[in-house]
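When a ligand or atom number is given, it counts from 1 through the structure's own listing order.
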Amino acid sequence: MLKNDPISLYTAHLAEVARRTTEALSLSGYEAVILQSGEALGLFQDDQHYPYKAHPPFKWWVPLLDAPGSLLYFRPGQRPKLIFYVATDFWYQPAQLPKTGWTEHLDVVVVHSAEQTRTALPHDLSKTAWIGDLLGKLGAWDVAAINPSELIRRLDFARGRKTPYEIACLAEANRIGARGHRAAEQCFRAGGTEYEIHQAFAGACGQREQELPYNAIVALNEAASVLHYQVLRRDKPAKHRSLLLDAGANFAGYGSDITRTSVADHGEFATLVSKMDELQRGLCALTKPGIDWRDIHAAAVERITALLCEAGVLRCSASEALESGASRLFFPHGIGHLLGLQVHDVGGTMADAEGGTIPKPPRDPALRLTRKLEPGFVVTMEPGLYFIEALLGPAQSGPHAARIDWSRVAEFKPYGGIRIEDNLVVTESGCDNLTRAAFASV
Ligand code: GLY
Ligand code: MN
Ligand code: MN
């Protein structure tokens, strides 16, 4: 459970969400908003559904992760109203509402049909915006707008600074995730397959796969070079050299996003992993309010380039590697992103709530965050260094060929790559590392 009193944190969170939403509504010209939890999506020509995931704008208000068909109605000055849908169904377990706790801060109405849902809303919705799926019945509801982009933009922007409740949820998601990582590493050291390592992770988190905030990346050996590797091999490799595990846990709808790279031997790749760990800590130390995240990314590219030169992978000077782009073959993603209700949380490139985008550096199109950091932002710090066939194969006959020591690449390639990823809360003067704190506590 949360370390601080969760209900008092939630109460203050709810008040702050109401305050920010009130401002967004007034500036966008609406009197109220309906936030939909989302519908369970059916499989084509089947009676089953895809795993249901609650819509993030709804989850911002209430930690209800398994309540499809519900709505949150908010009109400034009134208590938020949760219209909680309970299906009349004997095939599936209908959604269940907690009896105490956070629900006391809302008006809760239980409904069993679309008609009852409509009746629970005000008759006149002509100045009310709807945020959610495009449902056929909405036409008859006469809402003012469906997913109006201005209001959505303002709400996305408002989700940037996390409240103390959200930070507590993310800290807990880190503690659960750290337990999973410890169990997964043990399974790796005992010779487990990718699938077994995944099950060890999920089991130690106590979460089924669909509850995890994203599909875990469980990559043994060469597979660690595939950035979002999605296969869970059931066969044992001839040898366990390395494990890259990028896996997070969920708490109240907030996800952690943690990566660790483990090595089975004590050779040069293990040394490279320790140096990346040191490099990652150095980048965490730069993280503070006011800093432009693009500068952190640039510092990461520079430091990784220097490490590639030191390790003999690049044989040109660091400045040539940087200017020519050779080192980006080994680190082709961004240094991190906002984290919260979504793993790649919204608003990472927003100039302000009104509109406008802060551009990505032309050579770093994969960077997901371009803003200056503010207290309350939660970001990931995830430098990587990989030996990626899809990039290095063509480079062997391209302009970078002479800048790379291919025999060093061949030595490291069987280990795939390295990523080390922590979750940081930006504070008034620096940052708190939720992930390192979590590992230290489990
Ligand atoms: N787990 C995906 C990422 O690190 O962005
Ligand atoms: Mn990440
Ligand atoms: Mn990750």
Handout entry: Between Arg294 and His297, a side-chain donor and acceptor under 3.5 Å
Key = no
Problem - Ring geometry between His13 and Tyr165 (parallel below 30°, tilted from 30 to 60°, perpendicular above 60°) - result: tilted
Practice task
Evaluate the ring planes of His49 and Tyr92, with Trp represented by its six-membered ring, and classify them as parallel (under 30°), tilted (30 to 60°) or perpendicular (over 60°).
Solution key: perpendicular
Exercise for the section: Give a yes or no on whether His337 keeps an N, O or S atom under 2.8 Å from the Mn ion (ligand 2). Expected result: yes
Completion exercise
The number of protein N, O or S atoms lying under 2.8 Å from the Mn ion (ligand 3) is 4
Problem - 4.5 Å side-chain heavy-atom contact, Ile131 and Ile34 - result: no
Problem - Asp345 with Lys162: basic N within carboxylate O range, under 4.0 Å - result: yes
Handout entry: Those residues that, when tested against His105, pass ring pair (Phe, Tyr, Trp, His ring centres under 6.0 Å) (two or more places apart)
Key = none
Problem - Residue pair Leu138 / Ile146, side-chain heavy-atom distance below 4.5 Å - result: yes
Problem - Contact check, side chains of Thr103 and Leu97, non-hydrogen atoms, under 4.5 Å - result: yes
Completion exercise
For Glu411, the side chain to side chain donor-acceptor pair (under 3.5 Å) test, sequence neighbours excluded, returns Arg408
Handout entry: Ring center gap for His333 and Tyr386 short of 6.0 angstrom
Key = yes
Handout entry: Set of residues that line ligand 1, where lining means a heavy atom lies under 4.0 Å from it
Key = Tyr214, His228, Asp246, Asp257, His337, His344, Glu382, Glu421
